[in-house]
Peer 1: 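Here you go, one structure.
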Amino acid sequence: ASINEIKNKTKDILALYDRNVEAGAGANGWTDVLVRTQYNRTMRDKLAEFVSVKDFGAVGDGVTDDTGAFNRAITYINDKLNVNMHTPKGHYKVGELIPIESRTFSLIGAGSANSIIESSRVGGAAISIDAWTNAGVVGSTARPFISASQIGGFRVIAPQATTLLYARGVARSSFKDIRLNGTNRSVGTKGLDVASTQLCYFENIYVAYPDGDTPENGIFISNAPRYLTAEGASISGGLPSNNTFVNVYPEGCDYGIMLANGDQNTFIGGSPEASKKRSLTVGSNCKYNTFIGMGFESKDATGGEISDAGKYTKYINCYASNINAVTLYGRGTVIDGGYYQKITLSAASTGCSVGNITVGHWYESVGDNGGVVITAGAKGARFKNIYSSPLGKYIYPNNPRYGVTPTASPFEWENLDGVPVKFILIDGTTTQVMIKRGTDSWLETVPPASGRTVYSLLAGDKIVVSYSVAPTINVIPQNGV
């Protein structure tokens, strides 16, 4: 082409660009003119679907400080709604990052093996997803939950942070393929901190050894403050509830999973492994949590495998290898199926049910009890189909007999054991015995001054004993199934 032809073509293109800018396209008008799909879609519209941290200056070469770029990207997320932010394959070195607090967003990497975020932050959370950053401000108001968001596909290394990934006030969102490594084991450190998070889905979350030590708590689940009233009173964001955890693996932490507070959370598969102190802790404020097919593999944990003080926890086809595998302290706990080294019902436990399991599975010494220990004071335990590997037979644990000290006559005692009991009066001088069942009541035979009389009480029955000389009283629970 001649020089004149080139000049004329260039003028035509520039004129078209100018018209596009005047029409409101702005600085991207040149791209809009030259790059379009066959259906007349502009490149700018195409690129708006996804935004990358590299669009804000991140390099990801494992050397460059990408803190500023990440904070610009997070600011963009917080200033808009429904931003799809990508973290492409790379090793990003960052310092202190601002919290993500957008109502709805996605933060997706190229997979936990490919997108690495290495933080030099000292204290605090390496990555914080926090709906309630105003929670410490007196007179603040209740902000909404973060919801309908997707987070995952990256790995976090943070040797000096207190928490690797913090999620507060998140609902109806998903966390997938996240690897959390390389923090320190100081008291209070956490891998994943789930705070007042509800109706969320967590899958393939790893807290493991590579790149440094592991935190004290692998996965920590509890409630958190939402705001402060004008009077300075802290208002909670509510218990973590209705969350589902699939194939989570906290490995090598002091405490694998610490369920401090939470209701109706479900754990499926996965394994807290090689915990130094305990694999699973369920606090007394927890209710109706379920564990299905989980493996608790912390054979040398000093505090045993599981300590459960919750209410109505359910374990279905799980296993635990520690010699002091499971200790139950709560109410209505159910263990159904699986194999365990030893199960202990503490004096504080009430109405627990254990069945269809094998104990002593790893063939270590379990004593004459075969692998099930019922501490004096445990109430209402039920047992069914328990096989002891060391003894080579089914065993039939029984709630132990215990004594009751009568108070001043007439003395009333209620059967709160959760199973029928034999209530035995021995010696003394008893003048009247009455049994109460709901709204009904009747008098029973008075025992002789010397000897014993046995009364059968159903769960919830009351017995009233009048006497001039106090009798000795024993209670023998009758195990149910």
Side-chain angles (χ1 to χ4, degrees), residues 164 180-194 205-210 212-222 245 247-260 262 265 267 269-284 286 289 291-310 313 315-330 333 335 338-346 348-349 352 354 357-367 369-373 375 389-390:
L164 289 161
L180 306 169
N181 319 107
T183 185
N184 62 82
R185 198 183 290 275
S186 301
V187 174
T189 53
K190 305 175 182 74
L192 172 64
D193 189 349
V194 178
I205 310 295
Y206 295 82
V207 185
Y209 288 116
D213 208 344
T214 51
E216 180 186 41
N217 301 283
I219 299 175
F220 190 89
I221 304 170
S222 187
F245 298 82
N247 292 337
V248 295
Y249 292 93
E251 183 176 358
C253 306
D254 283 353
Y255 300 97
I257 298 174
M258 179 67 72
L259 185 53
N265 299 288
F267 296 76
S271 176
E273 298 182 11
S275 302
K276 300 296 187 293
K277 296 182 179 179
R278 189 180 300 122
S279 287
L280 171 66
T281 304
V282 180
S284 59
C286 299
N289 296 289
F291 300 84
I292 303 172
M294 290 195 75
F296 299 95
E297 297 184 358
S298 300
K299 185 173 178 294
D300 299 316
T302 58
E305 201 79 77
I306 299 172
S307 175
D308 191 331
T313 310
Y315 299 88
I316 302 173
N317 291 338
C318 297
Y319 68 88
S321 61
N322 191 279
I323 185 64
N324 296 309
V326 181
T327 304
L328 305 181
Y329 298 91
T333 304
I335 298 178
Y339 46 100
Y340 300 82
Q341 187 59 33
K342 185 168 76 172
I343 295 175
T344 300
L345 280 72
S346 76
S349 65
C352 297
V354 180
I357 67 169
T358 297
V359 290
H361 179 78
W362 283 265
Y363 297 99
E364 297 180 30
S365 174
V366 292
N369 56 55
V372 176
V373 177
T375 308
S389 285

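Keep in mind that the numbers below use all heavy atoms, side chains included, and drop hydrogens, waters and symmetry copies.
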Peer 1: What distance separates K342 NZ from E305 CD, expressed to the nearest 0.5 Å?
Peer 2: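 The NZ atom of K342 sits 13.0 Å away from the CD atom of E305.
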
Peer 1: On a heavy-atom basis, which atom in S298 and which in S321 lie closest, and how many Å separate them?
Peer 2: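 In this case the closest contact between S298 and S321 is N-OG, 3.9 Å.
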
Peer 1: Quick check: do D308 and L280 have side-chain heavy atoms less than 4.5 Å from each other?
Peer 2: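 No - every pair of side-chain heavy atoms lies 4.5 Å or more apart.
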
Peer 1: Looking at every non-hydrogen atom in both residues, tell me the closest pair between P390 and G360 and how far apart they are.
Peer 2: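 Smallest heavy-atom distance, with atoms named: CD-O, 3.3 Å.
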
Peer 1: If I compare all heavy atoms of G188 with all of K190, which pair ends up nearest, and what's the gap?
Peer 2: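 G188 and K190 have their closest heavy atoms at O-NZ, 3.2 Å.
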
Peer 1: Counting distance only, does the side-chain N/O of S275 pair as donor-acceptor with the main-chain N or O of D254 below 3.5 Å?
Peer 2: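 Side chain of S275 to backbone of D254: no pair is present.
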
Peer 1: Step by step, would you call V248 with L192 a side chain to side chain contact (heavy atoms under 4.5 Å, CB included)?
Peer 2: CA-CA 11 Å; V248 295; L192 172 64; over 6 Å; no

Peer 1: Got P272 and Y255 here, is their nearest side-chain heavy-atom distance under 4.5 Å?
Peer 2: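 Result no, sub-4.5 Å side-chain heavy-atom pair not found.
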
Peer 1: For the atom pair OG1 (T333) and CG (N289), what is the distance rounded to the nearest 0.5 Å?
Peer 2: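 The distance works out to 10.5 Å.
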
Peer 1: Nearest 0.5 Å, what's the OG-CE distance between S279 and M258?
Peer 2: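 Interatomic distance, S279 OG to M258 CE, rounded to 0.5 Å: 11.5 Å.
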
Peer 1: Indicate the atoms forming the closest heavy-atom contact of S389 with T358, along with that distance.
Peer 2: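 Looks like OG-CG2, 3.3 Å.
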
Peer 1: Taking atom CD of E273 and atom CD of E297, what is their separation to the nearest 0.5 Å?
Peer 2: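 One gets 4.5 Å once the value is rounded to the nearest 0.5 Å.
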
Peer 1: So which atom in P215 and which in G191 form the shortest heavy-atom distance, rounded to 0.1 Å?
Peer 2: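 Scanning both residues, the minimum pair turns out to be CG-N, 3.4 Å.
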
Peer 1: Counting N and O atoms only, with roles assigned by atom type, does the side chain of T214 sit under 3.5 Å from a partner on the main chain of G252, one being a donor and the other an acceptor?
Peer 2: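 Yes, T214 side chain to G252 backbone: donor-acceptor pair under 3.5 Å.
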
Peer 1: Take the angle between the ring planes of Y315 and F291 and call it parallel below 30°, perpendicular above 60°, tilted in between.
Peer 2: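 Y315 vs F291 ring planes: parallel.
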
Peer 1: Please report the closest heavy-atom contact between N181 and L164, naming both atoms and the distance.
Peer 2: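 Smallest heavy-atom distance, with atoms named: O-CD2, 3.6 Å.
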
Peer 1: Supply the atom-to-atom distance T281 OG1 to I221 CD1, rounded to the nearest 0.5 angstrom.
Peer 2: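 Nearest 0.5 Å value for the OG1-CD1 distance: 11.0 Å.
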
Peer 1: Any side-chain to backbone donor/acceptor pair from S284 onto G310? Under 3.5 Å, distance only.
Peer 2: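 No.
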
Peer 1: Supply the atom-to-atom distance F245 CZ to I292 CD1, rounded to the nearest 0.5 angstrom.
Peer 2: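 Answer for the CZ-CD1 pair, F245 versus I292, is 13.5 Å.
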
Peer 1: For I306, which of I343, V326, T327, I257 qualifies under side chain to side chain contact (heavy atoms under 4.5 Å, CB included)?
Peer 2: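 Single side chain to side chain contact (heavy atoms under 4.5 Å, CB included) partner of I306 among I343, V326, T327, I257: V326.
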
